[in-house]
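I have placed the structure first, in the form of structure tokens, so that the comments after it can refer back to it.
Model, not experiment: these values are computed from the prediction.
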Amino acid sequence: GWRPKVRPPRSTSKKGLFATRSPHRPNPIGLSVVELIRIEGHTLHVKGVDMVDGSPLLDLKPYVPYADAIAGNAGWLGPTSTEDPLADPGVHFEVAWSESAAAQIAWLEKRSGLALQAPINARLSLGPGHHYRRTWQEGEDMIMAYRSWRVRCAMQEHKLQVKAVTSGYRESDLLSGPSSLPRWPEDAIELHVAYTTWLRTGI
């Protein structure tokens with residue numbers, strides 16, 4: 001289902017669905033970035049369409065410069081930086097790792113061969129509001145889900161300190177394997193089992 005109004009991460013109030021990039025839309029679609037020439041009544045005149053002639057137009061999304069990499073007006077999201085028009089205009093958080101959390105992510109990167117800390121830092125730097133469906137409060141801490149991992153952070157103003165990285169799999173999944181195939185290399189059950197064992201035993 002879908003709703004005509006939603007509250008996107010960069011807004012403090014609800015916006016019309018078609019003025020956001022929310023995935024909860026009436027139809028699944030492909031994107032085509034176009035230049036809006038003019039509006040006449042309910043008709044939009046555009047150019048630069050990247051689609052096959054005769055394709056049905058199912059949906060509209062606003063243009064967001066820092067995401068679509070074409071400088072332009074971001075509408076209700078506010079003006080972009082004149083120095084870097086592709087920069088995210090939202091508030092950024094400073095991210096630091098505790099000694100134990102740094103050791104945990106280093107173990108995971110060494111064991112898996114995957115670069116995990118950089119994408120986690122990038123997501124955390126946007127703050128909890130940007131990923132409000134993938135972050136939640138647990139006591140005084142903020143938990144962010146990154147793929148099948150859970151990142152526990154202490155938050156103070158615009159600073160986040162990573163306290164721990166844990167598996168997002170249930171104990172039953174670690175014992176018998178998940179019910180569905182992993183979507184990403186980071187989701188490999190073998191990696192989660194080895195990591196959880198290392199956390200418990202140091203081996």
Practice task
Report the C-alpha separation of Glu109 and Gln117 in whole Å, then their side-chain angles, then the decisive distance to 0.1 Å, and conclude whether the side-chain contact (heavy atoms from CB on, under 4.5 Å) test is met.
Solution key: CA-CA 8 Å; Glu109 290 189 338; Gln117 188 170 9; 3.5 Å; yes
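- For Trp97, there are no ring-ring contact (aromatic ring centres under 6.0 Å, His included) partners at least two apart in sequence or on another chain.
- Of all the heavy atoms in Leu116 and Ser112, the pair that sits closest is CD1-OG, 4.4 Å.
- In this structure, His192 and Ser148 have side chains that are in contact, with non-hydrogen atoms separated by less than 4.5 Å.
- The shortest non-hydrogen separation linking Ala101 to Val162 is CB-O, 3.4 Å.
- Under the 4.5 Å side-chain heavy-atom criterion for ILVMFWY residues, no single connected hydrophobic cluster contains both Tyr169 and Tyr146.
- The hydrophobic cluster around Leu175 extends to none of the other residues, as no ILVMFWY side-chain heavy atom falls under 4.5 Å of it.
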Exercise for the section: Please lay out, stage by stage, how His45 and Glu40 fare under the test side-chain hydrogen bond (donor to acceptor under 3.5 Å, both in side chains). Expected result: CA-CA 8 Å; His45 295 262; Glu40 294 180 348; 3.2 Å; yes
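- Under the 4.0 Å criterion applied to side-chain N and carboxylate O atoms, Asp187 and Arg147 are not assigned as salt-bridge partners.
- Applying the ring-ring contact (aromatic ring centres under 6.0 Å, His included) test to Tyr195 and every residue at least two apart in sequence or in another chain returns Trp107, Trp149, Trp198.
- The minimum heavy-atom distance linking Ser32 with Gly48 is given by the pair OG-O, 4.5 Å.
- Residues Gln104 and Leu199 are in side-chain contact: their nearest non-hydrogen atoms beyond the backbone lie under 4.5 Å apart.
- Judged by the 6.0 Å distance and 45° axis criteria, Arg25 is not positioned over the aromatic ring of Trp2.
- Residue Val193 is not grouped with residue Leu114 when hydrophobic side chains (ILVMFWY) are merged at heavy-atom distances under 4.5 angstrom, including chains of intermediate members.
- When the side chains of ILVMFWY residues are joined at heavy-atom separations under 4.5 Å, either directly or via intervening members, Trp184 and Leu191 end up in two distinct hydrophobic clusters.
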Problem - Test log, rule salt bridge (charged side-chain N to carboxylate O under 4.0 Å, His left out), inputs Glu171 and Arg200 - result: CA-CA 13 Å; Glu171 190 70 25; Arg200 291 173 178 171; 3.0 Å; yes
